[in-house]
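Only one structure is covered here, and it is reproduced in the block below.
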Amino acid sequence: MTIWLHTTILATSLAATIAIGLASAAKYDGATTVAPKADMLPVSDTTAVPGFVTVEERGDGVSVLARVPAETIVE
C-alpha cells in the first residue's frame, strides 16, 4: 500500500512540475520586453498613449497602478 501512496505523490509532483514549466514557457515571449523588476508591465515610450500618465499608489504590500488623463494631474 505504501508503494502506491509514494507513487501517487511522486506522479503528482512530477505533473505539477511539468505544468508549471509549460505555463512559464507559454508566458515567455522573446519579442516583448517587460519592466526591469519583472512585474510584467510592458515597457513603452511615452508617446504610445498620448495624454495619459501612469500613477502608482503604494500601500502595505500593495501597489496599484492606474492610467489617468494627464490633465487630471495637479502638481
Side-chain angles (χ1 to χ4, degrees):
M1 181 67 180
T2 60
I3 191 72
W4 287 106
L5 177 65
H6 289 98
T7 303
T8 303
I9 292 171
L10 183 63
T12 304
S13 299
L14 182 62
T17 302
I18 291 171
I20 290 171
L22 288 175
S24 297
K27 186 107 176 134
Y28 177 74
D29 182 11
T32 60
T33 59
V34 295
K37 291 187 178 178
D39 54 5
M40 302 309 293
L41 293 174
V43 176
S44 64
D45 57 0
T46 56
T47 60
V49 183
F52 285 88
V53 176
T54 302
V55 177
E56 178 183 17
E57 297 178 16
R58 293 185 180 193
D60 268 346
V62 177
S63 179
V64 178
L65 294 173
R67 183 169 284 158
V68 296
E71 53 271 356
T72 61
I73 303 296
V74 178
E75 295 181 18

- Residues in side chain to side chain contact (heavy atoms under 4.5 Å, CB included) with I18, at least two apart?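 Residues passing side chain to side chain contact (heavy atoms under 4.5 Å, CB included) with I18: L14, L22.
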
- For I9, enumerate each residue passing the side chain to side chain contact (heavy atoms under 4.5 Å, CB included) test, keeping only those at least two apart in sequence or located in another chain.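 In terms of side chain to side chain contact (heavy atoms under 4.5 Å, CB included), with neighbours along the sequence ignored, I9 is linked to L5, S13.
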
- Task: List for me each residue that meets salt bridge (Lys or Arg N to Asp or Glu O under 4.0 Å) alongside E56, sequence neighbours excluded, and say none if there are none.
- Result: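 Listed in chain order: R58.
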
